[in-house]
Amino acid sequence: MQTFIFFFGPPGSGKGTQAEMFSEKTKIPILSTGKLLREIQNEPSEFGKKIKKKLEKGEYVSDYIIEKLIEKALENDKYKKGAIFDGYPRNKAQLNSMRKRLKKILGEQVLAILINVCDKEILHRLKLRRVCKCSSTYHLDYNPPKIKGICDDCKHRLFIRSDDKPKIIKERILFFKHRISHIEEYWKRRGKLIIINGEQGISDIHKEIMEKAKEIIKN
Ligand code: AMP
């Protein structure tokens, strides 16, 4: 049986971190559109440059590109048993494509996890977020690296994501709010939505997710 999990939440809600922890526990692989796009933006091509511009402004990448990315990624055998989507679908058009693509499997195990965090906390979190090119993420207060400025996992230098500037963060929050209510409604109607208080410690959020997920996902 295939299992599909959809993590969503405002920028800085910790959905990426929680998706990783969920993946570790359940062994379901992650499919993160944000991560795929950050890899592409480093490519020395016109396409790479185009994506980079979008990410720097905190704007959404076109639905066409997102669908192509998802389609290609899902061809990988590692997603045979399912996937944890981090940051997809993000608007009505993507939701509709997802429904068409996954029509067959939506009768299977599906769960949507919304991580809620207020705007003030998001700003605080993202201003102090540091990331590594290996995709490990840190927070200078809540989850600092062992050695200042250096990734615990691969020892590369940490950096600030280009879209983690205060002005861009505010735009990303607005963007998210405008587009997400439709998606939230959809999952709620299907009885597949769990809403998590994202303003707790990382391990408490994980605990709440695992407890609530158990009610919907059978082992
Ligand atoms: P995330 O890592 O999920 O915060 O995504 C980082 C950035 O990638 C977002 O601010 C968007 O610019 C872009 N992005 C990620 N996922 C999507 C998506 N499903 N649709 C459009 N743009 C996306």
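Atoms within each ligand, like the ligands themselves, are counted from 1 in listed order. Note that this is a predicted model, so its numbers are computed, not measured.
The side chain of Arg38, and not its backbone, has at least one atom closer than 4.0 Å to an atom of ligand 1 (non-hydrogen atoms only; side chain from C-beta on). Counting heavy atoms under 4.0 Å from ligand 1, residue Met98 does not touch it at all. Residue Lys54 does not touch ligand 1, judged by heavy-atom distances below 4.0 Å.
For atom 3 (O) of ligand 1, the nearest non-hydrogen atom of the protein is Lys15 NZ, 2.8 Å. Scanning the protein heavy atoms around atom 15 (C) of ligand 1, the nearest turns out to be Arg90 NH1, 3.2 Å. Protein heavy atom closest to atom 4 (O) of ligand 1, with residue, atom name and distance, is Arg161 NH2, 3.3 Å. In this structure, the protein non-hydrogen atom closest to atom 22 (N) of ligand 1 is Val61 N, 3.1 Å.
Ligand 1 places these atoms under 4.0 Å from at least one heavy atom of Leu55: 7 (C), 8 (O), 12 (O), 13 (C). Every atom of ligand 1 with a heavy atom of Glu59 under 4.0 Å away is listed here by number and element: 11 (C), 12 (O). Listed by number with element, the atoms of ligand 1 under 4.0 angstrom from any heavy atom of Gln94 are 18 (C), 19 (N), 20 (N), 21 (C). When each atom of ligand 1 is checked for a heavy atom of Thr33 under 4.0 Å away, the hits are 15 (C), 16 (N), 17 (C), 19 (N). Every atom of ligand 1 is numbered from 1 in the order shown, and the set under 4.0 Å from a heavy atom of Tyr60 is 21 (C), 22 (N). Heavy-atom contacts of Leu37 reach the following atoms of ligand 1: 8 (O), 13 (C), 14 (N), 15 (C), 23 (C) (cutoff under 4.0 Å). With ligand atoms numbered from 1 in the order given, ligand 1 contributes 4 (O), 10 (O) to contacts under 4.0 Å with heavy atoms of Arg172.
Under a 4.0 Å heavy-atom criterion, Lys57 is not in contact with ligand 1.
Stacking of Arg179 on the aromatic ring of Phe175 is recorded, both the 6.0 Å distance cut-off and the 45° axial limit being met. Taking the ring centre of Tyr60 as origin, the terminal cationic atom of Arg90 falls inside the region bounded by 6.0 Å and 45° from the ring axis.
Side chain of Arg125 to main chain of Gly12: a donor-acceptor pair is present (N/O by atom type, distance under 3.5 Å, no hydrogens or angles). With hydrogens and angles disregarded, a donor-acceptor distance shorter than 3.5 Å links the side chain of Tyr79 to the backbone of Ile30. Between the side chain of Thr33 and the backbone N or O of Gly87 there is at least one donor-acceptor pair closer than 3.5 Å.
Contact record, Tyr88 with Phe85: O-CB, 3.5 Å, taken as the closest heavy-atom pair. The two residues Val117 and Pro10 come nearest to each other via the heavy atoms O-CG, 4.0 Å.
Between Lys177 and Asp119 there is a salt bridge, since at least one side-chain N of the basic residue sits less than 4.0 Å from a carboxylate O of the acidic one.
Contact check for Glu67 versus Met98: no side-chain heavy atoms found under the 4.5 Å cut-off.
Applying the side chain to side chain donor-acceptor pair (under 3.5 Å) criterion to Lys27, with sequence neighbours excluded, gives no partner residue.
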